[in-house]
Amino acid sequence: MEHSDDTRPRVTGPHPPPAGAVAHDGEWAGEVRTAVRCAAALFALLLCVDGAAGSLTWWRGLLWCALALLLFLVLYPARVSAGDGWLASRRLLRTRRVHTGLLVAVRPLDGVARRLVLCDLLGNRVEIDPEVLARNPALWRRLDEGVRAALAGGTLRCGTTALAEMGRRLDDETALAVFRVSGLE
């Protein structure tokens, strides 16, 4: 039997409830529109070329449509959001979320597309594009708050150098933007 003065923490599920303001990627909608435009342009181009060659049939049109849809799925960006103690990345079919106060590792992945991999103590893992953090200071602030909590709690074991480097880069870009706006560049 539970009493109203019960001070035990209540577990509400695997995802913490969003507290305070939630920061979102402000350019996500534009990136989705770009993905739609690229897929539509490819579809139109394939139809025009196939029609001009005189080999356009209904099944070839369906094949070009499937190819354009595949391009859209490849180009579809993840929607990154962050709240008090969490950061989430939502794709078409799945949402991944980490508890930023319980981060264990932060690793940069270099390759064709740069990625930042965040892993928490509960085994959750999120991959995000570092440019999303660069474009959205509110997202960076939320992540930085969680990283500071993880450092204070002693859970963050690797990745502090990468985060410090990213923080310096974002600070430099912000200062440069302020100088450009004020005419002091």
Side-chain angles (χ1 to χ4, degrees), residues 14-38 71-185:
H15 305 298
V22 176
H24 295 281
D25 181 6
E27 295 184 17
W28 176 79
E31 289 180 2
V32 171
R33 283 191 296 273
T34 301
V36 168
R37 285 185 196 126
C38 288
L71 178 66
F72 172 73
L73 293 175
V74 167
L75 294 179
Y76 188 82
R79 180 153 196 184
V80 179
S81 58
D84 190 26
W86 59 270
L87 185 130
S89 174
R90 188 177 82 202
R91 291 230 170 241
L92 283 173
L93 300 176
R94 186 169 183 170
T95 300
R96 293 182 179 256
R97 182 184 298 240
V98 292
H99 297 266
T100 55
L102 300 175
L103 286 176
V104 175
V106 178
R107 294 184 312 268
L109 293 179
D110 291 328
V112 175
R114 293 188 64 211
R115 293 280 176 221
L116 192 64
V117 180
L118 308 168
C119 302
D120 69 7
L121 194 62
L122 304 174
N124 301 320
R125 181 177 182 263
V126 169
E127 284 187 32
I128 60 172
D129 183 4
E131 290 304 313
V132 171
L133 297 174
R135 289 189 314 248
N136 299 285
L139 282 174
W140 171 251
R141 191 183 79 244
R142 288 291 189 175
L143 177 61
D144 190 46
E145 289 170 1
V147 166
R148 290 177 194 273
L151 283 171
T155 60
L156 187 59
R157 295 185 208 120
C158 76
T160 54
T161 306
L163 286 171
E165 181 182 313
M166 178 179 280
R168 280 191 299 273
R169 193 187 94 198
L170 293 177
D171 290 342
D172 291 347
E173 288 177 7
T174 303
L176 190 59
V178 168
F179 288 146
R180 275 191 207 122
V181 169
S182 64
L184 297 174
E185 182 181 35

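Only this structure's heavy atoms are used, side chains among them; waters, hydrogens and symmetry mates stay out. Throughout, residue positions are numbered sequentially from 1 according to the sequence presented.
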Take R79 and D25 through the salt bridge (charged side-chain N to carboxylate O under 4.0 Å, His left out) test and state the conclusion after the steps.
-> CA-CA 7 Å; R79 180 153 196 184; D25 181 6; over 6 Å; no
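Two residues are said to be in side-chain contact when any heavy atoms from C-beta on lie closer than 4.5 Å; P77 and V32 meet this criterion. Annotation: side chain of I128 is in contact with side chain of L87 (closest heavy-atom distance under 4.5 Å). Taking 4.5 Å as the limit, every side-chain heavy atom of T34 sits out of range of all side-chain heavy atoms of L75.
Considering CG of L103 and CG of L163, their distance stands at 8.0 Å, rounded to 0.5 Å. Put simply, CG on L143 and CG on N136 are 12.0 Å apart, with the number rounded to the nearest 0.5 Å. To the nearest 0.5 Å, atom OH of residue Y76 and atom CG of residue L92 are 5.0 Å apart. Within the model, atoms CH2 of W86 and CG of N124 stand 13.0 Å from one another, a figure rounded to the nearest 0.5 Å. We find the NE2-OG1 distance between H99 and T155 to be 12.0 Å, quoted to the nearest 0.5 Å. D171 CG to M166 CE: the interatomic distance, rounded to the nearest 0.5 Å, is 12.0 Å.
Judged as a salt bridge (charged side-chain N to carboxylate O under 4.0 Å, His left out), the pairs with a partner in residues 112-128 (not counting sequence neighbours) are, in order, D110-R114, R125-E127. The salt bridge (charged side-chain N to carboxylate O under 4.0 Å, His left out) contacts involving residues 145-156 comprise R141-E145, R142-E145, D144-R148, where partners must be two or more places apart or lie in separate chains.
When all heavy atoms of A88 and T95 are compared, the closest pair comes out as CB-CG2, 4.3 Å. Nearest heavy-atom pair across V22 and S81 is CG1-CB, 4.2 Å.
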